[in-house]
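Presented below is the structure to which this report refers.
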Amino acid sequence: MTANQLVRFVAKPVVFLSALLPVAWIVWAFQAGALSANPLSDVTNETGVWTLRFLCLTLAITPLRRLTGWNLVIRFRRMIGLFAFFYGTLHFLIYVIADRFAGLLDFPDGIVAWSTVRNLLAAIGEDIYERPYITVGFTAFVLMLPLALTSTTGWIRRLGGRRWQTLHRLVYASAVGGVLHYWWLVKADVSRPQIYAVVVALLLGFRLYSARARAAAPRPSTATRSGAVAPPARSSTRTSA
Ligand code: HEM
C-alpha cells in the first residue's frame, strides 16, 4: 500500500470517525442523563469548546508540517477545518433552540408560523446586539462560513491559490474571536480561556515569525551563472493558511 493509499483509505477514515466521537459522547451523555442539572448549557459549552479545539487543530497543521517536514499532514486540514465548522454550527443551533427559542414567551399563531420565525430572528438579533460575548461569538462563526463554502478543490481553482489563501486567513480572526468570546463569557475563572489564548497566540506567532523569516531570506536568482534557470522559490498554488 502506498503512503497515498494509506492516507486515503486508512488514516482519513480514522480521523473522520475520531472527530465524531465528541458529538457521539454529547448525545449519549444527554440522553443518559449524565450531564449536570442544566444539560442544555452543558451541551452548548461542550460544542463551543470543541469548535475552538478544532480551530486550533486546523491552525496547527501548517506549523506541524513546517517543523517536521511531514507534508502528508496537509491532507487532513480541510477535514479538520470542516469539523470546526460542524461543531460551530451545532453550537449555534443549540444556542438558538435552547436559549432563544426556549425564551420566546408567546406564540400568537402557534409554534409553526411565520410570526414565530420573525420573533425568533428578532430575539437572536437583539442578543447579538446587546451581549458583547454573543456579538464576538457570532462574528467568529460568520467568518467560518466563507471558509466552509470555498473549501472544495473547485473553489481553490476558481479563486486561484493566492486569493483562496488570503480568504482563508479569516480562520485567524475566527480563532481570535472564539477565544475572546470564551474569555468574555466565563464569570470568574479565566484559566481555561487563558490556555486557548496562549495556544492561538503561539500558532499565529509561528506564522508571523515564518513570514518574516521568508521575507528576510535572500531571493534565489532566476538565472545562474551557467545560464540554467533556477526553480521558483514558492509555488503560486501552494496553500499555507
Ligand atoms: C467560532 C465560533 C465559536 C466558538 C469557538 C465558541 C466557543 C465557545 C466556548 C469555548 C464556550 C464556553 C465553554 C465552557 O464554558 O466550557 C461557549 C459558550 C457559549 N457560546 Fe459560543 N462559540 C462560538 C460561537 C458562538 C455563537 C455564534 C453563539 C451564539 C450566537 C455562541 C453562544 C454561546 C453561549 C450562549 C455560550 C454559553 C453557554 C452557557 O453558559 O450555557 N457561541 N462558546
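All figures in this text were calculated on a predicted structure; none of them were measured in a lab. Counting convention: from 1, in listed order, for ligands and their atoms alike.
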Between [X] and [Y], is any side-chain donor less than 3.5 angstrom from a side-chain acceptor?
X	Y	result
N38	S36	no
T62	R77	yes
S151	H168	no

Element-labelled atoms of ligand 1 that are located less than 4.0 Å from some non-hydrogen atom of [X]:
X	answer
R192	14 (C), 16 (O)
F92	27 (C), 29 (C), 30 (C)
I134	30 (C), 32 (C), 35 (C)
G178	5 (C)
F141	2 (C), 27 (C)
F138	27 (C)
A140	1 (C), 2 (C)

- Query: Under the side-chain hydrogen bond (donor to acceptor under 3.5 Å, both in side chains) criterion, do T2 and N4 qualify, and how do the steps go?
  - Reply: CA-CA 5 Å; T2 64; N4 207 14; 5.4 Å; no
query = At the 4.0 Å heavy-atom cut-off, does Y196 count as touching ligand 1?
reply = no
- Is M144 near ligand 1, meaning one of its heavy atoms is under 4.0 Å from it? yes
| task | In sequence, state the C-alpha distance, the side-chain angles, and the governing distance for R169 and Y172, and then conclude on side chain to side chain contact (heavy atoms under 4.5 Å, CB included). | result | CA-CA 6 Å; R169 293 205 173 112; Y172 308 159; 3.8 Å; yes
Under 3.5 Å between any N/O of [X] and any N/O of ligand 1: does that happen in this structure?
X	answer
T51	no
D99	no
H91	yes

What protein heavy atom is closest to [atom], reported as residue, atom name and distance in Å?
atom	result
atom 38 (C) of ligand 1	N45 OD1, 3.3 Å
atom 30 (C) of ligand 1	Y95 CE2, 3.4 Å
atom 7 (C) of ligand 1	G48 O, 3.3 Å

Between I61 and I80, the two heavy atoms sitting closest are CD1-CD1, 4.0 Å
Counting the benzene-type ring for Trp, do F141 and Y95 have ring centres under 6.0 Å apart? no
Do [X] and [Y] come within less than 4.5 Å of each other through their side chains, counting heavy atoms only?
X	Y	value
Y129	I134	no
D109	T116	no
F30	D42	no
P13	V15	no

Counting heavy atoms under 4.0 Å, the part of L185 that contacts ligand 1 is side chain
Looking at H181, the N/O/S atom that lies nearest to atom 21 (Fe) of ligand 1 is called NE2
